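What you see is a predicted model, and the numbers here were worked out from it, not measured in a lab.
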Amino acid sequence: MIEIERKFVVSQGKWKPSSQGIKIIQGYLSVNLVSTIRIRIAGEKAFLTIKGKTVGIKRTELEYEIPEKEGYILLKMCQGGLVEKTRYKEKIGNLIWEVDVFEGLNKGLVIAEVELSDENEKVEIPEWVEKEVSDDKRFFNSYLSSKPFSTW
């Protein structure tokens, strides 16, 4: 599967959640130039995700649900720190935006992501968006696990 995604920094003063969020804890078993292997616990579900190299705003993504107990075991094997956040979903036009409010060492960072069906798909940018950071690797969760926002 190909993931096409744009990322944006959110103005915390302008955005307010319109629904209840879900707590996410994730870590990385492997991060390199070719691929990333992530473990994520979202609520009571666990996932193993393999992502390929990002080219523009596209990359291959394969995700598999795994038993929650195994997810917690794998989190203990992760390199770097864990990324903790609460994810909210916002419907803007025909698209669902995922807004992540980071906690722990990444507290103070709020990022919105929107997945697209095509790289050239028109996107209605909400008023609460400050700037696009799709090409800035510092805002990738894999980067934040080893170089948290609080250390920038």
Honestly curious: do Ile66 and Leu75 fall in one hydrophobic cluster under the side-chain, below-4.5 Å linking rule?
yes

Counting only heavy atoms not in Asp118, do more than 12 sit closer than 6.0 Å to its CG atom?
yes

Please report the closest heavy-atom contact between Lys89 and Ser18, naming both atoms and the distance.
O-OG, 4.1 Å

If hydrophobic clusters are built by linking Ile, Leu, Val, Met, Phe, Trp and Tyr wherever their side-chain heavy atoms come under 4.5 Å apart, do Phe8 and Tyr143 end up in the same one?
no

Do Lys45 and Glu65 come within less than 4.5 Å of each other through their side chains, counting heavy atoms only?
yes

Residue pair Lys16 / Gly13: nearest heavy atoms and the distance that separates them
NZ-O, 4.2 Å

Can you find a pair of side-chain heavy atoms, one from Val114 and one from Ile92, that are under 4.5 Å apart?
no

Do Arg40 and Ile24 pass the side chain to side chain contact (heavy atoms under 4.5 Å, CB included) test, and can you show the C-alpha distance, the side-chain angles, and the key distance before you say yes or no?
CA-CA 7 Å; Arg40 173 182 279 172; Ile24 294 174; 3.6 Å; yes

I'd like to know if the side chain of Asn106 reaches the main chain of Phe149, judged simply by a donor and an acceptor atom lying under 3.5 Å from each other, with no hydrogens or angles considered.
yes

How far apart are the C-alpha atoms of Glu44 and Ile22, what are their side-chain angles, what is the distance that settles it, and do they pass the side chain to side chain contact (heavy atoms under 4.5 Å, CB included) test?
CA-CA 10 Å; Glu44 296 179 1; Ile22 186 167; over 6 Å; no

Any chance you could measure Glu5, atom CD, to Glu113, atom CD, to the nearest 0.5 Å?
4.0 Å

Pair Ser145, Tyr28 - check side chain to side chain contact (heavy atoms under 4.5 Å, CB included), show working.
CA-CA 8 Å; Ser145 72; Tyr28 295 85; 3.6 Å; yes

Is it possible for you to say whether Val55 and Val34 belong to one hydrophobic cluster, with membership spreading through side-chain heavy-atom contacts below 4.5 Å?
no

Pair Arg6 + Glu132: basic N to acidic O under 4.0 Å:
yes

Considering only heavy atoms from C-beta outward, does the side chain of Glu3 approach that of Lys51 to under 4.5 Å?
yes

Taking the six-membered ring of Phe102, is the NZ or CZ of Arg87 close enough (under 6.0 Å from the centre) and on axis enough (within 45°)?
no

Ring centres of Phe139 and Trp152 under 6.0 Å apart?
yes

Side chains of Val110 and Val99: closer than 4.5 Å at any heavy-atom pair?
yes

Nearest-0.5 Å distance that lies between atom NZ in Lys69 and atom CD1 in Ile73:
6.0 Å

Whether Gln79 side chain and Leu29 backbone form a donor-acceptor pair below 3.5 Å
yes

Tell me whether Lys91 contacts the main-chain N or O of Gly93 through its side chain, where contact means a donor paired with an acceptor under 3.5 Å.
yes

I need the minimum non-hydrogen distance between Ala46 and Gly71, along with the two atoms involved.
CB-CA, 4.0 Å

Side-chain donor or acceptor of Glu121 paired with backbone N/O of Ser117 under 3.5 Å
yes

State, with a plain yes or no, whether a side-chain heavy atom of Ile111 is found less than 4.5 Å away from one of Val10.
no

Are Ile4 and Met1 linked, directly or through intermediate hydrophobic residues, by side-chain heavy-atom contacts shorter than 4.5 Å (ILVMFWY only)?
no

Checking Ser142 side chain against Val31 main chain: does a donor-acceptor pair fall under 3.5 Å?
no

Between Lys23 and Glu103, does at least one N-O distance fall below 4.0 Å, as a salt bridge requires?
yes

Determine whether Glu130 and Val9 make a side-chain contact, defined as any pair of heavy atoms from C-beta on separated by less than 4.5 Å.
yes

Do the side chain of Gln12 and the main chain of Gly108 share a donor and acceptor less than 3.5 angstrom apart?
yes

Is the Tyr88-Trp97 ring centre distance short of 6.0 angstrom?
no

Among Ile57, Val133, Asp136, which residue meets the side chain to side chain contact (heavy atoms under 4.5 Å, CB included) test with Lys7?
Val133

Point-to-point distance, once rounded to the nearest 0.5 Å, from NZ of Lys53 to CZ of Arg59:
13.0 Å

So do the side chains of Ile41 and Phe47 get within less than 4.5 Å of each other, counting heavy atoms only?
no

Distance-only donor-acceptor check, side chains Trp128 and Glu90, under 3.5 Å:
no

d(Ile37 CD1, Cys78 SG) to nearest 0.5 Å is 10.5 Å

Can we say Arg38 and Glu63 salt-bridge, meaning some charged N sits less than 4.0 Å from an Asp/Glu carboxylate O?
yes

Minimal heavy-atom distance between Asn32 and Ser30, with the atoms involved, is ND2-OG, 3.5 Å

Qualifying residue, where the test is side chain to side chain contact (heavy atoms under 4.5 Å, CB included) with Glu61 and the options are Thr36, Ile50, Thr49, Ile2:
Thr49

Evaluate Tyr72 against Ile39 for side chain to side chain contact (heavy atoms under 4.5 Å, CB included), listing each step before the verdict.
CA-CA 9 Å; Tyr72 280 106; Ile39 300 300; over 6 Å; no

State plainly whether one hydrophobic cluster holds both Leu116 and Phe140, where clusters connect Ile, Leu, Val, Met, Phe, Trp and Tyr through side-chain heavy atoms under 4.5 angstrom apart.
no

Validation row: Leu144, Leu109 side chains within 4.5 angstrom (heavy atoms)
yes

